[in-house]
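What follows is one structure encoded as structure tokens, with my remarks underneath.
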Amino acid sequence: MTEEKSLNFLEEIVEKDLREGKHQAILTRFPPEPNGYLHMGHAKSICLNFGLANKYGGKTNLRFDDTNPVTEETEYVESIKNDIRWLGFNWAEELYASDYFEKLYQFAVVLIKKGLAYVDDSTSDEIARQKGTPTTPGTNSPYRDRSVEENLQMFEDMRAGKYKDGEKVLRAKVDMAHPNMHMRDPLMYRIKHAHHHRTGDRWCIYPMYDFAHGQSDSIENITHSICTLEFIPHRALYDWFIEKLEIYPSRQYEFARLNMTYTVMSKRKLLQLVNEKHVSGWDDPRMPTLSGVRRRGYTPASIREFCERIGVAKRENLIDVGLLEFCVREDLNKVAQRRMVVFDPIKVVITNYPEGKEEMLQSENNPEDPNGGNREVPFSRELFIEEEDFMEVAPKKYFRLAPGQMVRLKSAYIIKCDEVIKDASGKITELHCSYIPESKSGSDTSGIHVKGTLHWVSAKHTVPVEVRLYDRLFKVEDLSEADGDFKDYLNPESLTVKTVYAEPALINATTNERYQFLRKGYFTIDPDSTKAKLVFNRTVTLRDTWTKSSK
RNA sequence: UGUCCGAUGGUGUAAUGGUAGCACAGAAGAUUUUGGUUCUUUUAGUCAGGGUUCGAAUCCUUGUCGGACAACCA
């Protein structure tokens, strides 16, 4: 008997619709506007839309909502497609709202003929005033009662380019006193003499979101049109257009968008960070964009798992970024190749190890994978260990190296610290240790048990590599609660770059391999990496219960 | 002082009138040649009042709190 996983509210709706025969199959869509890069919020929407279709044997269209030529670019179209594929989803059809411009125009003509739309000469200020406020009704435009013939002619003239930008708009004739602001004669078309990334200069009038989205859904026979909460008030209009046009009744459902701690999730703000150079670009590894987390080393599987775990509901939420980190660690732990890299070295001399002697030791590539194989790690008389792995005066539960104390060097020998060498200023320059020859990893007959195991590198075999260490982009957990400019809360220490000491096996690191630098975290090669200078991004640190409990 | 949406441990998310469960985070312990992994245990919750009912997180009611809506953006 397997435990039945409970359904989210959208799955319940879909199951009900299928059960009652409302639909034979479902068709969803993912509708990005090509004016920015996809972020984790989009990932949630993608997993939802594609996930629903996958689960219930339906399909998902990719439809670019490209109704505003002044902000949209082909560059974004390509990055969006790339990100969706990377996440692991395949769309049924690649479509564009701009494919429907002619149809949409004809829909508008239908509404004009029905007396449900009119051309308005009012300025945008005047229209704003006519709208009223949420608590006071609006007033009718003086142009509201133009004849059908006049409206038809003027709308045709709008299309023909006889007017300048902003001179006229087409509005739906609904109800200027409606309690829902979106129903107070909303704009359907505006004039923009602008070049469109797909239709070029064919059009100088462009439909507004409300007159494009629902109709596009309907044209494609989308069964479930899933969007975020802020579109709830638009639903009345969505349904109104479909009803008046008597076209396929797609239905809109809304869920709460994703918010994460210590970051922002709005294209506008992300664009600002890019434009004002607070980050290196849309794919800066600190960005919550898909291109950013990809470069940082997050795996598609870990992001899908994250989206699964955060659930779907209608209440506002703020997800702990720690959950994302948990998901990526869980995934990476299974696949990452283990390597040893010392960040802040302190020299260790094994005084009883013959000068000039070297030996190759075997070390497992991945203890989680029995078939992962081994690699060779050179061992010699002079080594580096991590500065923080030695303390001259050690507290009680300190398992690492200290005078007179023993530790295991991973995959090598147990050593004992005999002497601390300092320079004139009292700074520790090296540690003199002795090793236990019988304690060799894999053939230990010493019978000695030590609590601590350290990573290390052989001093003369060391390979310098650059690591880029990331911290949260912002200093505060909840940016929506922060007063003033969100950029005031940027964390100045979100990026640390350092050159560190790696074991030689890392020379052969490849882009498609993931690495765990023992006790340091999970790393992946950055695109800036070259043969001459390897560059690694830290995806996430390892879970650390020691520094936490020692505080 | 309008309309709409929402409110369950610290954070998310279930329970669809019948034992408030799961995950992350936190705490304690075991295992460990990564203070990682794994395993065990554990802390902590139904916004408030009233009502219906044998029985309410769930239904009704009145409040409270949070959010959305007045772009020729999507």
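Because only heavy atoms are used, hydrogens play no part in the values below, and waters and symmetry mates are left out as well, while side chains stay in.
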Exercise. Does anything in residues 329-346 of chain A reach RNA chain B, meaning a heavy atom under 4.0 Å, and if so which residues?
Worked result: N333(A), R338(A)

Exercise. Partners of W240(A) by ring pair (Phe, Tyr, Trp, His ring centres under 6.0 Å), sequence neighbours excluded?
Worked result: none

Exercise. Who pairs with K520(A) by side chain to side chain donor-acceptor pair (under 3.5 Å), at least two apart in sequence or on another chain?
Worked result: none

Compile the donor-acceptor pairs under 3.5 Å between side chains in residues 315-324 of chain A and protein atoms, sequence neighbours left out, one pair per line.
from	atom 1	to	atom 2	distance (Å)
N317(A)	ND2	R257(A)	O	3.4
N317(A)	ND2	R315(A)	O	3.4
D320(A)	OD1	G322(A)	N	2.8

Problem set entry | side chain to side chain donor-acceptor pair (under 3.5 Å) partners of K440(A), counting only residues at least two apart | E359(A)

Below 3.5 Å between N/O atoms, which protein atoms pair up with nucleotides 26-31 of chain B? Just atom names and distances, please.
from	atom 1	to	atom 2	distance (Å)
G26(B)	OP1	K548(A)	NZ	2.5

Problem set entry | base_contact_polar (U33(B) base, S411(A) side chain, donor-acceptor, <3.5 Å) | no

For this session: Could you tell me which residues satisfy side chain to side chain donor-acceptor pair (under 3.5 Å) with S434(A), sequence neighbours excluded, listed by chain and number?
Result: D418(A)

Any N/O pairs under 3.5 Å between the protein and nucleotides 40-48 of chain B? List them or say none.
none

Exercise. Tell me, which pairs form a salt bridge (charged side-chain N to carboxylate O under 4.0 Å, His left out) where one or both residues lie in residues 64-75 of chain A, sequence neighbours left out?
Worked result: none

What pairs of nitrogen or oxygen atoms, one from the protein and one from nucleotides 63-67 of chain B, lie under 3.5 Å apart?
from	atom 1	to	atom 2	distance (Å)
G67(B)	O2'	E316(A)	OE2	2.9

Exercise. Taking RNA chain B as the partner, which of residues 64-77 of chain A come within under 4.0 angstrom of it by heavy atom?
Worked result: D65(A), T67(A), N68(A)

Seminar exercise, completed: Secondary structure of RNA chain B per the Watson-Crick/G-U criterion (both distances under 3.5 Å; [ ] crossing, | other strand, . unpaired) is .((((((..((((....[..)))).(((((.......)))))....(((((..]....))))))))))).....

